[in-house]
Protein chains: 2
Amino acid sequence: MVINAQHSGQPVVQLDEKSKAIIEQLQHDGRQSYSAIGQAVGLSEAAVRQRVSRLLDSGVMQIVAVTDPMQLGFARQALIGIRIDGDVVAAAEAIGEFGEVDYLVITAGSFDIIAEVICESDADLFELINDRLRRVPGVSTTETFMYLSLHKQKYNWGTR
Amino acid sequence: MVINAQHSGQPVVQLDEKSKAIIEQLQHDGRQSYSAIGQAVGLSEAAVRQRVSRLLDSGVMQIVAVTDPMQLGFARQALIGIRIDGDVVAAAEAIGEFGEVDYLVITAGSFDIIAEVICESDADLFELINDRLRRVPGVSTTETFMYLSLHKQKYNWGTR
DNA sequence: AGTGAAACGACCGTAGA
DNA sequence: TCTACGGTCGTTTCACT
């Protein structure tokens, strides 16, 4: 499941100030009414609606619920750096299948793949790494970085 | 800005099946109407609204717009592993101030801090790491993992 | 916590500039 | 791509369970 790749030739969307302002509004509250947004940015309700539809349809923006894993009892998070012998993409596909993996990138550097995992307990995390991750074809070594605290997390790209 | 910490004594919220189903709906489309959700999960519109309000007020869930940095011209993403001499938290605060940093965790392992950064160009990334990051008090060494491709990204925690 | 009903406001399609 | 305008549907409030 490749969502995006650098140098993929994807068109880069140029947003005007109005669209940036709309996105900014929706980053604070994704359920704001179109008319409220319109008032904030100086457009009619219908105009806001059209622009939001375009942003959603083109995939530039998504409006989704995000949950806090900690508050839901998923207390063990970690980043895992993985070195691969052989086909990195195939390994990435396989590792991406694990439900505990919520984020996976192929990287340049001393790791080929870095994945973020969310587990309920140390035991779950250990089982994932030891019993499943290390048995994925191509995985040679792994290095685990347990989260001690999450200091910053933001979603507001494209509107700075 | 500490969003969360392990062993922080935060109450863990127990969600029933209905609330999980509601979250699941909103993870697919954060602007779905309460009545549509109600039909999907078997509750009245008013009941869905009350539950969603509670989930939002308690901070368990957020409904936000997320954008695709690539499509907006932020083509250089990287994870940076950072080793700190001295006060890790102070360094984390300082590094978190950089606008290019969208994600920052304090970790156990061979890095003290791991940060995700999003830049428009290699030059921006280089400037960030060399001119600003390495001058943050306490930063001893850094290791950069450039993104080659993003294979998986999901937001649907708590509802598996 | 959940339901139901009525008033209000938001949303959606269409038409026109 | 914007505004204008009705019909329709969603949301809100309130009384009740």
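Side chains included, hydrogens not; waters and symmetry mates left out as well; all remaining heavy atoms used. Predicted, not measured: the structure shown is a model, and the values here were computed from it.
With sequence neighbours left out, A:Glu45 forms a salt bridge (Lys or Arg N to Asp or Glu O under 4.0 Å) with A:Arg49. Under the rule for a salt bridge (Lys or Arg N to Asp or Glu O under 4.0 Å), A:Arg31 has no partner lying at least two apart in sequence or in another chain. Qualifying side-chain hydrogen bond (donor to acceptor under 3.5 Å, both in side chains) partners for B:Ser33, counting only residues two or more places apart in sequence or in other chains: none. Scored by the side-chain hydrogen bond (donor to acceptor under 3.5 Å, both in side chains) test, B:Thr141 finds B:Arg83 as partners (sequence neighbours excluded). With sequence neighbours left out, B:Asp122 forms a salt bridge (Lys or Arg N to Asp or Glu O under 4.0 Å) with B:Arg76.
For the strand DNA chain D, secondary-structure stems (runs of at least three Watson-Crick or G-U pairs, all distances below 3.5 Å) span C:3-17 with D:1-15.
Heavy-atom contacts from other residues, nucleotides or ligands closer than 6.0 Å to CD of B:Glu127 number more than 12.
Listed by first then second residue, pairs satisfying ring pair (Phe, Tyr, Trp, His ring centres under 6.0 Å) with a partner in residues 15-34 of chain B number zero, not counting sequence neighbours. Each salt bridge (Lys or Arg N to Asp or Glu O under 4.0 Å) pair with one or both residues in residues 54-66 of chain B, not counting sequence neighbours, would appear here, but there are none.
Ring-plane geometry between A:Phe111 and B:Phe145 is classed as parallel, the angle between the planes falling under 30 degrees on a 0 to 90 degree scale with a further cut at 60.
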- [ ] Show your reasoning for whether side-chain contact (heavy atoms from CB on, under 4.5 Å) applies to A:Arg132 and A:Glu100.
- [x] CA-CA 11 Å; A:Arg132 289 184 281 149; A:Glu100 292 90 346; 2.8 Å; yes
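If you walk DNA chain D from 5' to 3' and mark each nucleotide with an atom closer than 4.0 Å to a heavy atom of chain B, the marks span D:dG10 to D:dT13. Scanning DNA chain C 5' to 3' for nucleotides with an atom closer than 4.0 angstrom to a non-hydrogen atom of chain B gives a first and last hit of C:dA1 to C:dC11.
Between B:Leu148 and A:Thr107 the shortest side-chain heavy-atom distance does not fall below 4.5 Å. Put simply, the side chain of A:Thr67 reaches to within 4.5 Å of the side chain of B:Gln27, judged on heavy atoms.
Nearest heavy atom pair, residue A:Val136 against residue A:Ala94, reads CG1-CB, 3.7 Å. For B:Leu15 against B:Lys20, the heavy-atom pair with the smallest separation is O-CE, 3.7 Å. Residues A:Gly99 and B:Lys154 share a closest heavy-atom pair of O-NZ, 2.9 Å.
Contacts of residues 28-37 of chain A with DNA chain C (heavy atom under 4.0 Å): A:Ser33, A:Tyr34, A:Ser35. Less than 4.0 Å separates DNA chain C from at least one heavy atom of each of the following residues of residues 39-56 of chain A: A:Glu45, A:Arg49.
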